[in-house]
Peer 1: 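Just dropping this structure here.
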Amino acid sequence: MSLFPSIRSRRYLQRIWLSVTLLTVVLLLATAFSIMYTSERTVLRVQQRANAKVLSQIRYNVAQMNEIVADTAQTLYQNNDVKILRFAKTDDEFMYQRIAALDTFVGTSSFLHSIFVYNGNMKRFFIGNGNVRALKEPYEKKFSALLTDSRRTPKLRLLPIDLGEEGAEFRKVDFFSYILFDPSSREGLDDALILNVKSTWLFDNLALIAKEDGGRSGQAYLMDAAGVILGEGSEPEAGVSRLAERIGRLTADGDTGGSRVIGSGGHKQFVTFMAAGLQDWTLIYAQPYSEVVGQVQRLRYTTLLLTVLFLVLALCVAVVVSRRLYRPVEQLFRSVVSKTPDAMVRGEPMQDEMTFLSGLYGHMADRVKLADSNLTENRWILKRFTLRQLVQESALRTPGQWAKEAADNGLAVDASGGYRICVARVDGAASLSTREPNDLRLYHYAISNIAEEIVSREYAIEVVDLKPDHLVFLVQRRNADFERLTALLADVQQVVKAYYRLTFSVAVGDTVSECRALSASYAKTLNLSLYKWFYGRGCMLTAETVLKPEFAGRDATMSSELERKLVEAIRSGNAEAAEAALDRIFELAGATTYDDCVHALSYLAIVIKRTVTEVNANKLKPIAHDLYRLHAIVLEQETLEDAKLVFRRTLHELCASRQEARETDAGSFMIETIKEIVQANYKDLNLSLQSVSDMLKMSSVYVGRLFKKAEGMSLADYINEVRLAHTMQLLEKGDYTVNEIMEETGFSNQSHFFRSFKKKFGTTPREYRLKKSLS
């Protein structure tokens with residue numbers, strides 16, 4: 001074991017310990033975080049309910065205050081002294097008594113700041129509170145601005161008043177005003193009663209209820225519909241503007257209550273808000289977040305401490321548990337390594353104990369599979385060898401020897417007799433072997449499996465491939481006879497054709513009662529399978545359907561008269577006559593035996609080759625056709641019809657070549673004659689297509705078409721080309737004038753001569769002569 005330090009390190013034990021430890025740590029941390037998160041959510045929900053109760057109490061107090069103020073205002077509004085102050089047109093002797101009564105009423109009330117009675121007739125405010133009356137200017141200015149229009153003046157509601165600001169947005173509230181008046185059609189007001197309520201009466205109430213909430217340092221705020229915090233002080237508290245902004249957005253979105261955690265001034269606050277139900281005010285109760293979740297923080301510390309203690313304990317327990325879990329693995333590992341050869345142990349990669357054992361097991365399993373595969377392969381080879389011997393050398397074995405070999409190799413057939421040999425040939429086997437050698441073997445394997453599955457329903461069957469081009473079915477009857485054998489084989493043909501788009505022919509031999517006669521039956525059936533030549537692809541061949549009486553005694557030799565017709569047709573290039581002779585030859589050959597038919601076709605190939613050789617010997621231009629492999633190509637065909645197509649195609653090509661050669665010879669001779677006539681008579685002014693045709697005693701249309709087809713130009717153009725060629729030669733000599741050259745070359749029209757010359761050479765005759773002389 002000293003060779004394997006990685007084994008002594010117990011890596012699998014480390015993995016077990018790490019797995020148990022990590023699982024424990026994950027579970028503990030998940031539990032701890034769940035507790036802390038849940039506890040914080042629970043504390044916030046409980047605090048939200050408590051804050052909601054506080055805000056409900058504040059909302060109730062505000063509603064009560066508003067009701068008291070409304071009742072007091074209604075009482076004063078109907079008071080006779082107040083009515084006189086509202087409607088009087090001049091001062092009287094009792095005016096000061098009535099004002100004194102107002103002072104007394106304000107002084108006896110705990111919440112009233114002052115009372116203002118507006119007299120529209122006198123354009124004057126009567127003030128109930130001596131201190132305010134002494135400093136009435138800012139008050140009268142504020143109220144005059146409010147009472148300018150009865151349609152816009154707020155009525156029957158508490159208005160926060162800040163004497164130091166103008167407008168509707170206020171932060172510091174000096175007092176709340178409650179205004180009563182009768183509607184007027186005029187722009188101003190005829191009279192009005194204004195009760196001013198001390199702001200401290202409301203804000204002290206808010207602060208008192210907030211402080212009674214368990215002794216915590218919470219703060220209650222009142223926010224108007226514009227999102228502005230209302231308070232007594234002239235300066236807002238730190239972070240209040242941020243709080244008002246967040247809550248203002250929530251109320252603007254239609255949220256009438258709830259709680260939020262809001263950061264302001266570097267600290268977080270737990271804020272609960274609720275609609276006051278009065279003047280679109282919102283009640284806000286803010287608490288330091290750290291104070292709210294203070295108990296949760298202590299719970300977190302406790303949970304963290306307990307988690308650490310449990311982790312330490314879990315590590316210790318994990319060590320003990322891991323060692324107990326690892327003990328069976330360790331014993332197994334030591335047992336396997338001690339009994340495994342050192343060469344195999346050294347060859348395995350070592351990551352941990354289980355990986356080592358898994359790799360070793362896989363290696364051993366592969367070796368077992370390989371051994372089993374070799375054993376199966378050997379059995380299949382021996383079985384195949386036995387079948388081949390039984391089919392090809394059956395006469396050398398006794399029934400006892402066959403029975404023993406059949407039992408030893410697990411053959412489906414036995415030595416009791418009642419056999420039939422069937423030979424199956426795949427159609428197109430030669431092309432399959434050429435294209436992909438393994439394809440034919442795969443098709444043989446597929447045919448073997450399908451045949452064994454279908455035929456074995458009623459008969460015992462074994463399939464063996466004796467040669468690359470055919471399979472042998474060894475079929476043995478069980479109880480019944482072989483009446484259903486051909487039907488089952490036809491089913492095999494249909495299944496193979498449906499699944500593989502492949503056809504094959506089957507030759508079914510005669511019934512053999514003794515195992516020693518199998519070799520003779522195989523030879524006879526193999527010869528029978530050759531008659532696929534006559535019956536075509538996918539046929540079913542039996543002795544009853546193939547060996548007919550008309551096959552025997554027929555002379556397959558081609559008659560001299562038929563041979564003469566074929567030879568004459570080839571020499572003359574008459575394709576119809578050649579095809580008629582070929583049809584008669586194949587009609588006679590198809591009524592003979594296989595050997596006689598092949599002999600007749602071989603002789604036919606010899607006749608064709610000999611005829612073409614004789615034709616080529618007498619011709620300057622021989623027929624270009626390769627006939628050396630004709631005999632081999634014919635013998636490679638699978639059916640008589642295929643061989644006929646080969647011969648027919650060959651004869652058509654030969655006749656076409658012969659006809660083309662004849663036409664080419666005649667045409668070439670004619671063209672050469674025409675050219676000789678033109679070269680000899682180009683000076684003749686009357687030389688033309690008609691004159692040439694007359695010389696040849698042929699139709700001008702035929703001569704013109706023949707020449708155009710052969711030369712690609714008309715005969716008139718050719719005459720013009722010849723004359724221009726001679727013109728160029730005469731111009732280069734320099735001894736002739738242009739007119740003399742025209743006469744020498746057969747041009748009768750000067751304009752036609754110049755136009756033709758310039759079209760041919762791109763210049764006039766004189767310019768051409770000048771260039772040649774300069775060069």
Peer 1: Write out all pairs satisfying salt bridge (charged side-chain N to carboxylate O under 4.0 Å, His left out) with one or both partners inside residues 126-136, taking only residues at least two apart or from two chains.
Peer 2: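 Sorted pair list: Asp103-Arg133.
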Peer 1: Check Met122 against Lys89 and note the closest heavy-atom contact, atom names and distance.
Peer 2: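 Shortest heavy-atom contact: CG-O, 3.4 Å.
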Peer 1: Which pair of non-hydrogen atoms, one from Ser144 and one from Phe125, has the smallest distance, and what is that distance?
Peer 2: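 That closest heavy-atom pairing would be OG-CE1, 3.6 Å.
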Peer 1: Are Phe143 and Tyr118, when compared by the centres of their aromatic rings, separated by less than 6.0 Å?
Peer 2: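 No, they do not, as the ring centres are separated by 6.0 Å or more.
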Peer 1: What's the verdict on side-chain contact (heavy atoms from CB on, under 4.5 Å) for Ile161 and Lys142, showing C-alpha distance, side-chain angles and the deciding distance?
Peer 2: CA-CA 8 Å; Ile161 302 299; Lys142 175 66 70 176; 3.9 Å; yes
Peer 1: For Arg157, give me all partners under side-chain hydrogen bond (donor to acceptor under 3.5 Å, both in side chains), at least two apart in sequence or on another chain.
Peer 2: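 Applying side-chain hydrogen bond (donor to acceptor under 3.5 Å, both in side chains) to Arg157 gives none.
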Peer 1: Are side-chain heavy atoms of Leu112 and Phe105 found at a separation under 4.5 Å?
Peer 2: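 Leu112 vs Phe105: side chains touch.
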Peer 1: Between OG of Ser177 and CD1 of Ile194, what distance do you get to the nearest 0.5 Å?
Peer 2: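 Between Ser177 OG and Ile194 CD1, I get 6.5 Å after rounding to 0.5 Å.
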Peer 1: What do you reckon, is CD of Glu453 surrounded by more than 12 foreign heavy atoms closer than 6.0 Å?
Peer 2: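 Atom CD in Glu453 is not packed in, count stays at 12 or less.
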Peer 1: Apply the test side-chain contact (heavy atoms from CB on, under 4.5 Å) to residues Val228 and Met223: give CA-CA distance (whole Å), side-chain angles for both, the deciding distance (0.1 Å), then the verdict.
Peer 2: CA-CA 5 Å; Val228 178; Met223 186 179 72; 5.7 Å; no
Peer 1: Kindly compute the distance separating CD1 (Ile454) from CD (Gln494), expressed to the nearest 0.5 Å.
Peer 2: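 If we round to the nearest 0.5 Å, Ile454:CD1 and Gln494:CD are 10.0 Å apart.
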Peer 1: Quick check: do Phe111 and Ile68 have side-chain heavy atoms less than 4.5 Å from each other?
Peer 2: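 Sidechains of Ile68 and Phe111: in contact.
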Peer 1: With side-chain contact (heavy atoms from CB on, under 4.5 Å) as the test, would you mind laying out the steps for Tyr499 and Val496 before giving the verdict?
Peer 2: CA-CA 5 Å; Tyr499 281 96; Val496 172; over 6 Å; no
Peer 1: Roughly how far, to the nearest 0.5 Å, is the CZ atom of Phe181 from the CG atom of Leu193?
Peer 2: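 Taking CG in Leu193 and CZ in Phe181, the distance rounds to 11.5 Å.
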Peer 1: Let me confirm one number: the CG-CD distance from Asp81 to Gln97, rounded to the nearest 0.5 Å.
Peer 2: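 Nearest 0.5 Å value for the CG-CD distance: 9.0 Å.
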Peer 1: Are Val82 and Leu102 packed together at the side-chain level, in the sense that at least one heavy-atom pair is separated by less than 4.5 angstrom?
Peer 2: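 They are in side-chain contact.
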Peer 1: For a side-chain contact (heavy atoms from CB on, under 4.5 Å) check, start with the C-alpha distance between Leu180 and Gln74, then their side-chain angles and the critical distance, and finish with the verdict.
Peer 2: CA-CA 8 Å; Leu180 282 82; Gln74 292 292 340; 3.5 Å; yes
Peer 1: Quick one: does Asn121's side chain have a donor or acceptor within less than 3.5 Å of a partner on Phe87's backbone?
Peer 2: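 Yes, Asn121 side chain to Phe87 backbone: donor-acceptor pair under 3.5 Å.
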Peer 1: Angle between ring planes, Tyr139 versus Phe175, binned at 30° and 60°: parallel, tilted or perpendicular?
Peer 2: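 The rings of Tyr139 and Phe175 lie parallel, inter-plane angle below 30°.
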Peer 1: I need the Asp191 CG to Arg86 CZ distance, nearest 0.5 Å.
Peer 2: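 The CG atom of Asp191 sits 4.0 Å away from the CZ atom of Arg86.
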Peer 1: Side-chain contact test, heavy atoms from C-beta onward, threshold under 4.5 Å: evaluate it for Leu158 versus Val69 and give yes or no.
Peer 2: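 Result yes, sub-4.5 Å side-chain heavy-atom pair found.
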Peer 1: Could you check whether any side-chain heavy atom of Tyr443 comes within less than 4.5 Å of a side-chain heavy atom of Tyr500, counting everything from C-beta outward?
Peer 2: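 Of all side-chain heavy-atom pairs linking Tyr500 with Tyr443, at least one is under 4.5 Å.
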Peer 1: Does Met95 reach the side chain of Leu85, with side-chain heavy atoms less than 4.5 Å apart?
Peer 2: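 The answer is yes, as the side chains (C-beta and beyond) meet within the 4.5 Å cut-off.
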Peer 1: What is the distance from atom CG of Asn129 to atom CD1 of Ile127, rounded to the nearest 0.5 Å?
Peer 2: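 Reported value, rounded in 0.5 Å steps: 9.0 Å.
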Peer 1: Can you name the nearest heavy-atom pair linking Thr272 to Ala52, along with the distance?
Peer 2: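 Scanning both residues completely, I find the closest heavy atoms to be CG2-N, 4.3 Å.
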Peer 1: Heavy-atom distance under 4.5 Å between the side chains of Phe116 and Val132, does that happen here?
Peer 2: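 Side-chain contact under 4.5 Å: yes.
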Peer 1: When you compare the side chain of Val271 with that of Ile284, does any pair of heavy atoms fall below 4.5 Å?
Peer 2: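 A side-chain contact exists here, since the closest heavy-atom pair is under 4.5 Å.
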Peer 1: Ring centroid separation for Phe273 and Trp281, is it under 6.0 angstrom?
Peer 2: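 Ring centres of Trp281 and Phe273 not closer than 6.0 Å.
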